[in-house]
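Inspection log for the structure reproduced underneath, given as structure tokens.
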Amino acid sequence: QEYTEYAVERGSISASISGSGTVEPVNQYEVVAGVRGEVLSDTFDEGDSVSEGDVLYVIDSSDVEDSIERAGLSYERSLLTYEDSQKAYTGLSVTAGTSGRVAELFVEKGDSVQAGSAVAKIVNDSQMTVRVPFSESDAQGLSVGQEAIVTIENTFETISGTIASIASSSRTESGYLTVRDVEVSFENPGYLKEGTYASVSVKGLLCQQTAAVEYESAKTIKADAAGTVEKILAPEGSQVSAGDILVQLENEDAADGLRSSQLTLREAELSYQSTAKQL
């Protein structure tokens, strides 16, 4: 072996390493088509700068638009079915459409009721009306709001009232007498019933014949859904307000139908949303 001599001296040591690799951007992603279809247009070339939200490609959407229309129609049908089911279910609670007294109930507990069947009659018997004929000449001197005296037949009791309306046209009664109907409203003293006969006079002018008094308002409440009477919450003679439940019906099919229509409607909604997202 051979040796080379060197004089020892102080110095520094350095180390280095070298290699090769691929330069890549910090953030990158691929744009993937979410649907199948023909590319109608592209709006860029390689090397162009684009911003978030810029349209890169336009794909033919006619198939998706048709699918959206079908999904929309399906949703509308499901919505109608749901509304009908909801109406059938809520209709099991028969409510008063007006305030007043329950004059008559047409059902009993356990009865089977069909949609549209009469359930109860509600009347406002605090106010009464009577419609009587006055001669044409006498009626011309009357006016709405004018004070009138109502005389109850048999008892001859007199009650103050007011003219509520006067017929705009006249009619001819037997004997060729021309008359005009006049409606008078008066307060019920508390014991008058519909069908009681009375006469009316206004400033000495007497009506031509008596007529039966009527409740100011009377409404027959009908069931909106079919079912079996489970409870009667407003018996005859009770006072009710508009919206109060009169009769509660029971129908298991209505509850099941409502739940089924809810699920169908939700499925149709999700289908429509998914198709709209594709577009």
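No side-chain donor-acceptor contact under 3.5 Å links S74 to the backbone of R70. E236 places a side-chain N or O within donor-acceptor distance of the main-chain N or O of L105, the cut-off being under 3.5 Å. In terms of modelled atom types and a separation under 3.5 Å, the side chain of D138 and the main chain of S135 share no donor-acceptor contact. In this structure a side-chain-to-backbone donor-acceptor pair under 3.5 Å is missing from S274 to S271.
Within 6.0 Å of atom OH in Y272, 12 or fewer heavy atoms from other residues, nucleotides or ligands are found, so the atom counts as exposed in its surroundings. A 6.0 Å sphere centred on CZ of F44 holds more than 12 heavy atoms belonging to other residues, nucleotides or ligands. The neighbour count for Q239 CD, taken as heavy atoms of other residues, nucleotides or ligands under 6.0 Å away, is above 12.
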Criterion side chain to side chain contact (heavy atoms under 4.5 Å, CB included) on T264 and T81, from CA distance to verdict: CA-CA 9 Å; T264 304; T81 302; over 6 Å; no

Derivation and outcome, side chain to side chain contact (heavy atoms under 4.5 Å, CB included), residues V202 and Q146: CA-CA 8 Å; V202 182; Q146 193 173 4; 3.7 Å; yes

Verdict with supporting geometry, I152 and T196, side chain to side chain contact (heavy atoms under 4.5 Å, CB included): CA-CA 8 Å; I152 306 302; T196 303; 3.8 Å; yes

Residue pair Y215, R101: steps toward the side chain to side chain contact (heavy atoms under 4.5 Å, CB included) verdict: CA-CA 11 Å; Y215 298 125; R101 179 178 61 85; 3.7 Å; yes

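In this structure, M128 and D125 approach most closely via the heavy-atom pair SD-O, 4.0 Å. Looking at every heavy atom in both residues, A115 comes nearest to D224 through CB-O, 3.8 Å. Smallest separation of non-hydrogen atoms from A71 and T275: CB-OG1, 4.3 Å. Residues I166 and V144 share a closest heavy-atom pair of CD1-N, 4.1 Å. Taking both residues in full, the closest heavy atoms of Q114 and A223 are given as O-CB, 4.0 Å, listed atom of the first, atom of the second, then distance. When every heavy atom of R171 is checked against every heavy atom of D181, the shortest pair comes out as NH2-OD1, 2.8 Å.
Note: the hydrophobic cluster containing L142 also contains V130 (ILVMFWY, side chain heavy atoms under 4.5 Å, direct or indirect links). Residue I163 is grouped with residue V150 when hydrophobic side chains (ILVMFWY) are merged at heavy-atom distances under 4.5 angstrom, including chains of intermediate members. Residues L205 and I159 share a single hydrophobic cluster, defined by chaining ILVMFWY side chains whose heavy atoms lie under 4.5 Å apart. Put simply, V50 and Y57 are part of the same group of oily side chains (I, L, V, M, F, W, Y) that touch within less than 4.5 Å, one to the next. Each of I149 and V132 belongs to its own hydrophobic cluster when Ile, Leu, Val, Met, Phe, Trp and Tyr are linked at side-chain heavy-atom distances under 4.5 angstrom.
Here the straight-line distance linking atom OH of Y75 with atom CZ of R266 works out to 9.5 Å at 0.5 Å rounding. Within the model, atoms CZ of F134 and CD of Q140 stand 13.5 Å from one another, a figure rounded to the nearest 0.5 Å. Distance check, rounded to the nearest 0.5 Å: CZ of R131 to OG of S165 gives 5.0 Å. Annotation: the span from L249 atom CG to S112 atom OG amounts to 9.5 Å, rounded to 0.5 Å. Note that CD of E214 is 13.0 Å distant from CG of L192, once rounded to the nearest 0.5 Å. I122 contributes atom CD1, which lies 8.5 Å from atom OG of S238 (distance to the nearest 0.5 angstrom).
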Just distance, no hydrogens or angles: give the donor-acceptor pairs under 3.5 Å from side chains in residues 8-32, sequence neighbours left out.
none

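The side chain to side chain donor-acceptor pair (under 3.5 Å) check on E230 picks up nothing, with sequence neighbours excluded. For the side-chain contact (heavy atoms from CB on, under 4.5 Å) test, residues two or more places apart in sequence or in another chain that qualify with S241 are S99, D244.
Of the options V119, L233, I245, V107, a side chain to side chain contact (heavy atoms under 4.5 Å, CB included) to V94 is made by V119 and by none of the others.
Taking the side chain as every heavy atom from C-beta outward, N188 and S126 never approach each other to under 4.5 Å.
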